[in-house]
Enquirer: 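One structure follows; several queries about it will come next.
All values below come from the heavy atoms of this structure, side chains included, with hydrogens, waters and symmetry mates left out. Numbered from 1 within each chain, the chains take letters A, B, ... in sequence-line order.
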Amino acid sequence: MNDVILDVKHLKKHFPVKQGLLMREVAQVKAVDDISLEIRRGETIGLVGESGCGKSTLGRALIRLYEPSSGAVTFNGRDFLNLKGEDLRRERRNMQMIFQDPYASLDPRMTVGQILSEPFEIHGILKSREREAKVKSLLETVGLKASHINRYPHEFSGGQKQRICIARALALEPSLIICDEPVSALDVSIQAQILNLMKDLQKKFNLTYVFISHDLSVIEHICDRIAVMYLGKIVEIATREELFKNPQHPYTQALIQAIPRIGEGKRRIKKSLGGEVPSPLNPPSGCAFHPRCPHRMDICDKRVPTLKNHNPADPAHQAACWLYEKQP
Amino acid sequence: MSNPVLSVRNLETTFTTKLGPFRAVNGVSYDINAGETLGIVGESGCGKSVTSFSLMRLIEKPGRITNGEAILNGRDLLKLSESEMEQVRGGEMAMIFQEPMTALNPVLTIGRQLDEQILKHRHVSKKEARDRSIEMLRLVGIPSPEKRYEAYAHQLSGGMRQRAMIAMALSCDPKFLIADEPTTALDVTIQAQILELIQDIQEKFNMTVQFITHDLGVISEISDRVMVMYGGQTCETATAKDIFNSPRHPYTVALINSRPKFGHRVDKLQTIEGSVPAPHELPRGCPFQNRCPNALEICKTNRPPLEKMGANLVACFNPM
């Protein structure tokens with residue numbers, strides 16, 4: 001399993017903060033701050049973290065929906081950030097995105113048939129007669145009926161709308177799909193349908209998923225590997241088994257502790273972390289987690305820990321924490 | 001059991017729409033005992049929020065409470081006049097919401113809103129109201145409460161706003177609190193903080209709580225008893241342990257199995273075929289019949305009564 005589909009090196013996405021009459025840039029929000037990550041073909045990699053940790057920005061920067069500020073992204077062996085014009089358009093066919101809110105991602109004035117034909121029109125693939133057949137087969141692939149082709153989005157339930165979004169993402173036979181909280185807006189029983197569908201499709205088409213979610217139970221269910229983010233950085237990355245069995249970063253530990261457990265009866269709930277995620281406009285010095293960290297040491301507010309392996313049993317398990325470093 | 005603080009009988013709330021009238025809450029009955037937390041869980045449109053808004057008498061047109069009674073401490077809330085109800089709301093009973101901005105006024109300071117609430121329900125001076133407001137903000141864990149007293153809602157973070165709303169709800173010592181998805185919009189670590197706070201306060205003041213959420217994990221940890229709703233009706237009621245470990249209603253079972261359970265990973269989740277029917281398309285008989293693996297002929301015509309089965313109360317002709 002060494003087939004890397006997306007290789008991310010030192011990726012940064014900084015947003016300028018402008019103020020005053022002249023809209024001078026007064027600060028920068030480092031939404032994604034120096035992230036390196038290898039994504040392997042056919043895997044599901046989860047990005048988790050709380051609001052404002054940069055997981056959605058990272059997802060978008062990976063496929064240049066946000067133009068990264070610096071860094072490198074190699075997609076299928078090609079330098080993706082320097083592609084332009086026709087080359088970029090052609091490569092983009094291989095990467096698609098599914099969003100949280102299926103209501104907002106479908107044009108209410110277009111029929112499902114029009115929505116699903118659009119990718120083919122844009123890329124000039126298939127003649128119009130072939131398109132209709134293809135659209136019908138796409139609908140069936142995601143568990144809808146071919147006869148739905150002339151309906152409008154409002155005629156579908158939330159779960160069905162998300163199926164349409166998935167069908168659209170599949171239209172051009174991509175190899176990579178960025179899924180940004182794809183089930184967060186759905187009811188529990190509909191979530192299960194969509195999660196099962198996504199797993200089936202992954203097997204069928206050998207898809208690679210980047211799965212963004214704040215829900216660790218969903219992440220545990222669907223992901224092979226998981227990256228935990230905090231204020232624009234990855235603080236820990238490991239396989240699913242290792243991350244949940246042996247979480248190293250105190251933030252990961254707190255997140256796992258805060259997951260409500262089903263079926264163990266009422267309990268006295270104890271918060272696992274005090275305080276709140278600090279403003280990314282003015283992040284704490286050193287390790288950004290230090291103001292909330294129960295294991296804070298002297299060094300933590302002075303120097304930023306690097307993401308590296310501290311687990312002899314699993315060389316792929318990395319964490320960015322001074323607890324595991326020999327003190328200089 | 002002992003005598004309940006709240007006793008709801010055959011509550012029925014009807015909305016009149018172009019497509020005809022539909023019962024968002026269709027004959028719901030339950031009790032909550034003193035100091036107890038009853039969790040109400042269900043998916044969108046099951047009637048869990050309308051039940052709560054009905055108790056608060058906050059149902060607006062085209063909705064109307066069309067039947068039933070809701071006895072809180074010996075008085076039927078549904079028979080009170082609007083002015084009596086105003087004294088009860090925020091006094092004897094209070095409610096907190098998912099989105100604090102719907103409950104907080106954006107153009108008044110947090111302190112001013114708290115003061116108003118206290119002055120309305122208590123015979124105290126302005127100075128005493130102010131002291132009490134600041135004490136409430138401290139109680140709910142808001143740092144530097146004197147400063148926050150002067151703040152507007154938009155100047156607080158989501159978690160702090162939630163705390164401010166809780167302070168407002170609790171400012172007049174309600175004995176009964178309705179919490180409607182109070183942590184749904186929050187991150188998990190903040191959610192744990194707020195749940196801890198609600199439990200602390202409940203214990204301190206021996207408050208009775210009705211907690212509404214769609215999150216099975218939260219409901220499992222916070223409730224003494226859980227009531228599962230579907231299509232405006234109660235499917236099943238049991239203790240938090242029993243409902244998850246020995247559910248009897250096919251909907252309860254399906255709901256629990258469709259949720260990824262942390263630490264108990266399965267390859268494929270169980271699903272419920274189809275989706276929740278639109279309110280005006282609810283079938284006669286049992287509302288779950290058209291998605292139910294156990295459905296019988298009788299389910300199409302008759303509504304199953306809520307009956308004792310083992311330790312659970314179940315409304316089903318053919319339980320699991």
Enquirer: What part of B:Asp242 gets closer than 4.5 Å to chain A, counting heavy atoms only: side chain, backbone, both or neither?
Expert: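 For B:Asp242, there is no contact with chain A at all, as no heavy atom is under 4.5 Å.
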Enquirer: Counting heavy-atom pairs under 4.5 Å with chain A, which one of B:Asp224, B:Val226, B:Val276 comes out on top?
Expert: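 So the answer, after comparing B:Asp224, B:Val226, B:Val276, is B:Asp224.
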Enquirer: Measuring from atom OG of A:Ser189 to atom CD1 of B:Ile256, what distance do you get when rounded to the nearest 0.5 angstrom?
Expert: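 Output value for this atom pair is 13.0 Å.
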Enquirer: Heavy atoms only: give me the nearest A:His221-B:Arg265 pair and the separation to one decimal.
Expert: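 Smallest interatomic distance, heavy atoms only, reads O-NH2, 2.9 Å.
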Enquirer: Under 4.5 Å from any heavy atom of chain B, what part of A:Glu264 do you find: side chain, backbone, both or neither?
Expert: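 The backbone, not the side chain.
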Enquirer: Quick one: do B:Arg259 and A:Asp187 make a salt bridge, cutoff under 4.0 Å?
Expert: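 Answer for the salt bridge query: no.
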Enquirer: Looking at B:Glu196 and A:Lys270, is any side-chain nitrogen of the basic one under 4.0 Å from a carboxylate oxygen of the acidic one?
Expert: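 Salt bridge: yes.
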Enquirer: Near A:Lys30 NZ, under 6.0 Å, is it more than 12 heavy atoms from other residues, nucleotides or ligands?
Expert: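 Atom NZ in A:Lys30 is not crowded, with 12 or fewer foreign heavy atoms closer than 6.0 Å.
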Enquirer: Would you say the side chain of B:Lys268 lies within less than 4.5 Å of the side chain of A:Asp200, judging by non-hydrogen atoms?
Expert: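 Yes; the side chains approach each other to less than 4.5 Å.
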Enquirer: Quick check on A:Ser157 against chain B: is it the side chain, the backbone, both or neither that has a heavy atom closer than 4.5 Å?
Expert: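 For A:Ser157, the contact with chain B is made by the side chain alone.
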Enquirer: If we define contacts as heavy-atom pairs under 4.5 Å, which of B:Gln199, B:His264, B:Met160 has the most with chain A?
Expert: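 It is B:Gln199.
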Enquirer: Whether the B:Thr189 and A:Glu50 side chains hold a donor-acceptor pair (N or O, under 3.5 Å, no angle test) is what I'd like checked.
Expert: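 Short answer, yes.
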Enquirer: Measure the CD1-CZ distance between A:Ile262 and B:Phe262 for me, rounded to the nearest 0.5 Å.
Expert: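 With rounding to 0.5 Å, CD1 (A:Ile262) is 11.5 Å from CZ (B:Phe262).
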Enquirer: Heavy atoms, side chains only, cut-off 4.5 Å: are A:Arg261 and B:Ser220 in contact?
Expert: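 Of all side-chain heavy-atom pairs linking B:Ser220 with A:Arg261, none is under 4.5 Å.
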Enquirer: Mind ranking A:Ser279, A:Ala254, A:Gly275, A:Gly49 by heavy-atom pairs under 4.5 Å with chain B and telling me who comes out on top?
Expert: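 Between A:Ser279, A:Ala254, A:Gly275, A:Gly49, the count favours A:Gly275.
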Enquirer: What closest approach, in Å, do A:Ile259 and B:Glu221 show between heavy atoms, and which atom pair accounts for it?
Expert: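 Where A:Ile259 meets B:Glu221 most closely, the heavy atoms are O-OE2, 4.3 Å.
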Enquirer: Could you pull out the closest heavy-atom pair between A:Leu273 and B:Gln193, with the gap in Å?
Expert: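 Minimum heavy-atom contact is O-NE2, 2.7 Å.
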Enquirer: Between A:Gln193 and B:Thr271, do the side chains contain an N or O donor and an N or O acceptor separated by less than 3.5 Å?
Expert: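 On atom types as modelled, these side chains do not qualify, holding no pair under 3.5 Å.
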Enquirer: Flag the pair A:Lys266 / B:Ile222 as yes when at least one side-chain heavy-atom distance between them is below 4.5 Å, and no otherwise.
Expert: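 Side chain of A:Lys266 against side chain of B:Ile222, heavy atoms only: no contact under 4.5 Å found.
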Enquirer: For chain B, which of A:Gln257, A:Lys199, A:His214 has the most heavy-atom pairs under 4.5 Å?
Expert: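 Counting heavy-atom pairs under 4.5 Å, the top option is A:Lys199.
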Enquirer: For A:Arg268, is there an ion pair with B:Glu203 - N to carboxylate O distance below 4.0 angstrom?
Expert: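 Yes, charged N to carboxylate O under 4.0 Å.
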Enquirer: Chain A: which of B:Ala254, B:Gly141, B:Ala240, B:Ser157 shares the most heavy-atom pairs with it under 4.5 Å?
Expert: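 The answer is B:Ser157.
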Enquirer: Which atoms of B:Glu273 come close to chain A, meaning under 4.5 Å heavy atom to heavy atom: side chain ones, backbone ones, both, or neither?
Expert: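 For B:Glu273, the backbone is the part near chain A, not the side chain.
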Enquirer: Quick one: which of B:Gln191, B:His214, B:Glu43 has the most heavy-atom pairs under 4.5 Å with chain A, could you say?
Expert: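 Most heavy-atom pairs under 4.5 Å with chain A: B:Glu43.
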Enquirer: Answer with side chain, backbone, both or neither: which region of B:Ser223 has an atom nearer than 4.5 Å to a non-hydrogen atom of chain A?
Expert: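 Only the backbone of B:Ser223 comes within 4.5 Å of chain A.
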Enquirer: With a 4.5 angstrom heavy-atom cut-off, is it the side chain or the backbone of B:Asn257 that approaches chain A, or both, or neither?
Expert: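 The answer is neither part of B:Asn257.
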Enquirer: Can you tell which part of B:Arg225 gets under 4.5 Å to a heavy atom of chain A, answering side chain, backbone, both or neither?
Expert: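 B:Arg225 has no heavy atom closer than 4.5 Å to chain A.
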Enquirer: Under 4.5 Å, heavy atom to heavy atom, which residues of residues 180-188 of chain B contact chain A?
Expert: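 Counting heavy atoms that sit under 4.5 Å from chain A, the residues of residues 180-188 of chain B involved are B:Asp187, B:Val188.
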Enquirer: Can you find a heavy atom in the side chain of B:Leu197 that is under 4.5 Å from one in the side chain of A:Lys271?
Expert: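 No. Closest side-chain heavy atoms not under 4.5 Å.
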Enquirer: Which one of A:Asp215, A:Leu255, A:Val277 has the most heavy-atom pairs closer than 4.5 Å to chain B?
Expert: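 Looking at each option in turn, the highest pair count goes to A:Asp215.
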Enquirer: Do you know which two heavy atoms are closest between B:Ser258 and A:Ala192, and how far apart they sit?
Expert: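 Heavy atoms only, the tightest pair is O-CB, 3.3 Å.
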Enquirer: Taking all heavy atoms of B:Asn245 and all of A:Gly263, pick out the closest pair and write down the distance.
Expert: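 That would be ND2-O, 3.1 Å.
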Enquirer: Give me the atom names and distance for the closest heavy-atom approach of A:Ala258 to B:Ala192.
Expert: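 Distance-wise, the nearest heavy atoms are CB-CB, 4.4 Å.
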